[in-house]
Structure formats: C-alpha cells, structure tokens
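What follows is a set of notes on a single structure, which appears directly below.
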Amino acid sequence: MTMDLFSQFASSTSLGVPLILLAMLVPWLLFPSHSTRWISNRLLTSQNWFLITFTKQIFLPLNFPAHKWAFLLTSLMAFLLSMNLLGLLPYTFTPTTQLSINLGLALPLWLATVLVGFRNQFNHSLAHFLPEGTPTPLIPVLIMIETISLFIRPLALGVRLTANLTAGHLLIHLISSAVSAIFSLSPTASLLTFAVLILLTILEIAVAMIQAYVFVLLLSLYLQENT
C-alpha cells in the first residue's frame with residue numbers, strides 16, 4: 001500500500017529515458033506564440049494581461065537594478081504555474097513534487113541574488129550578518145545564526161514547494177480511493193466523500209497557483225535585500 005501510494009511520484013521511463021524531461025517541456029509548448037496580426041486572440045490577450053499584471057505586482061516595490069530580473073522571474077512563474085496545474089490532470093506527472101527539481105531551481109537563483117549583493121554592495125551585504133548595536137558577547141552567536149538562516153533559504157524554498165504539492169496529491173489519491181472503496185457499502189457516504197474530493201481538488205488548484213507565486217515572491221524579496 002505504501003509503495004502504491006508513493007509510486008505516483010516516481011518518474012516514468014520509456015526505452016530507458018526518463019519522461020520527466022518531457023513533462024518539463026510540455027508547459028512551454030502550450031503557450032501561444034505571438035502572431036503578426038494587429039488584433040490578438042483571447043488566449044494571447046489573457047496571457048499578456050497575466051504577465052503584465054504579475055510583473056507589476058512583483059517588481060513595483062523593487063529597486064530599478066532588480067528590474068533586470070523581470071524576464072527571468074516571470075518565466076519562472078509561468079513555468080512553475082504550468083507544471084503545478086498540469087500535474088493535477090489525470091495520468092500526468094508533476095515534476096515539482098521532486099525535491100531535486102525544486103532545489104535545482106531554488107539553489108542557483110538564490111546564489112545569484114547573494115552574489116549580486118556581494119558584487120554591488122559588499123559592505124551592506126556583510127552588515128546583514130551583524131545588526132548594529134549588538135552586544136559584544138552575542139556577536140559570534142548572531143553571526144552563526146544569520147549565516148545558518150542565509151544558507152537555509154534555498155532549502156526552505158524547495159521543501160515548501162515539494163511538501164505542499166506532495167501533501168495535496170496524497171490527499172486526493174487517498175480520498176479518491178475511498179470513494180470507490182465504500183461505494184458498494186454506502187452510496188450516500190461515497191457521494192459525500194466525492195463532494196469532499198471536488199472541494200479538495202479546487203483547494204489544490206489554489207495551492208498550486210499560490211505556491212508558484214510564493215516561490216517567485218520570496219526570490220524577489222531576496223533580490224530586494226541585495227539590490
């Protein structure tokens with residue numbers, strides 16, 4: 001039972017090739033390309049509206065040097081959002097339930113924000129490790145705490161996204177199994193459980209969108225500290 005429960009998070013293979021690469025490529029193929037027509041269709045208009053609104057929401061409180069990251073973070077948001085939502089469809093695989101994928105996204109981007117801070121404002125970045133007015137006996141302890149909190153950020157980014165999506169998928173799997181298992185015993189209880197499953201699916205759609213936004217939002221906050 002345990003193996004069947006967690007087997008949904010194992011990447012399938014075809015001819016020895018992991019299909020997780022295909023699952024990560026499909027979201028980009030679904031985005032419409034710009035046309036040369038003067039009037040865009042509804043899908044392209046909705047996509048442009050979403051990207052413009054998201055970019056304004058994320059980069060409005062940031063300094064001007066951080067605006068260079070607009071294309072990167074907007075693409076990351078679209079990528080995570082697409083993978084999270086497509087993973088809720090039947091017979092699909094969600095790459096963002098893999099901790100290795102999420103850490104592979106979080107670690108380089110977090111490291112880039114730190115390096116930008118040390119390059120552009122070295123003294124200000126070092127000042128984060130020791131707040132002003134700290135008593136002398138507490139200096140080593142505070143430096144150690146701030147260093148740990150700095151290096152734990154990419155781990156928190158990856159684990160937060162993985163844990164939230166994994167928990168939602170497990171709940172949907174368990175409740176959907178309960179619907180079919182108790183239908184022969186009590187159709188009324190099965191219908192009530194199915195209603196709970198519908199509500200949980202709607203909640204998981206919201207979680208998929210919120211977690212993608214939180215991932216990018218935290219990266220923008222880290223960028224704000226270093227610019």
Check whether Asn102 reaches the backbone of Leu161 with its side chain - one donor and one acceptor, N or O, closer than 3.5 Å.
no
Distance (rounded to the nearest 0.5 Å) between Met83 CE and Leu88 CG
12.5 Å
The side chain to side chain contact (heavy atoms under 4.5 Å, CB included) partners of Tyr213 (sequence neighbours excluded) come to Phe54, Gln57, Ile58, Met77, Leu217
Taking the side chain as everything from C-beta on, heavy atoms only, tell me whether Leu219 gets closer than 4.5 Å to Leu76.
yes
If hydrophobic clusters are built from ILVMFWY residues whose side chains come within less than 4.5 Å, do Ile52 and Val216 share one?
no
Around atom CZ of Phe151, are there more than 12 heavy atoms from other residues, nucleotides or ligands closer than 6.0 Å?
no
As a quick check of understanding, evaluate side-chain contact (heavy atoms from CB on, under 4.5 Å) for Leu150 and Trp110, giving each step before the final call.
CA-CA 10 Å; Leu150 177 65; Trp110 164 81; 4.0 Å; yes
Approximate separation, where rounding is to 0.5 Å, of Leu73 CG and Thr55 OG1
9.0 Å
Testing the basics here: between Thr193 and Ala178, what is the closest heavy-atom pair and its distance to 0.1 Å?
CG2-CB, 4.4 Å
Gap between atom CD1 of Ile205 and atom CG of Asn84 - 0.5 Å precision
11.5 Å
Donor-acceptor under 3.5 Å (Thr53 side chain, Phe50 main chain):
no
Is Leu221 linked to Leu72 within one hydrophobic cluster, defined over Ile, Leu, Val, Met, Phe, Trp and Tyr using a side-chain heavy-atom separation of less than 4.5 Å?
yes
Over all atoms of both residues, closest heavy-atom pair of Gly158 and Ala106
N-CB, 4.3 Å
Can you get from Leu80 to Leu155 by hopping between Ile, Leu, Val, Met, Phe, Trp and Tyr side chains that sit under 4.5 Å apart?
no
Compute whether any side-chain donor of one residue and acceptor of the other, for His169 and Thr94, lie under 3.5 angstrom apart.
yes
Within this structure, what is the CG-CG distance for the pair Leu197 and Leu192, rounded to the nearest 0.5 Å?
12.5 Å
Please check if the side chain of Thr166 supplies one atom and the backbone of Ala163 the other of a donor-acceptor pair under 3.5 Å.
no
Could you check if a side-chain atom of Val214 sits within less than 4.5 angstrom of a side-chain atom of Asn164, using non-hydrogen atoms only?
no
Would you find more than 12 non-hydrogen atoms of other residues, nucleotides or ligands less than 6.0 Å from Ile152 atom CD1?
no
I need the Leu165 CG to Arg160 CZ distance, nearest 0.5 Å.
12.0 Å
Tell me whether Ile198 is reachable from Ile175 by hopping between hydrophobic residues (I, L, V, M, F, W, Y) whose side-chain heavy atoms are closer than 4.5 Å.
yes
For residues 142-155, which residue pairs pass the salt bridge (Lys or Arg N to Asp or Glu O under 4.0 Å) check, not counting sequence neighbours?
Arg153-Glu225
Which pair of heavy atoms, one from Ala78 and one from Ser82, lies closest together, and at what distance?
O-OG, 2.7 Å
Phe183 reachable from Ile172 in the ILVMFWY side-chain graph, under 4.5 Å edges:
no
If you apply the rule side-chain contact (heavy atoms from CB on, under 4.5 Å), what do you find for Trp69 with Thr113, and how did you get there?
CA-CA 10 Å; Trp69 290 60; Thr113 61; 3.8 Å; yes
What's the separation between atom CG in Leu103 and atom CG in Leu157, rounded to the nearest 0.5 Å?
9.0 Å
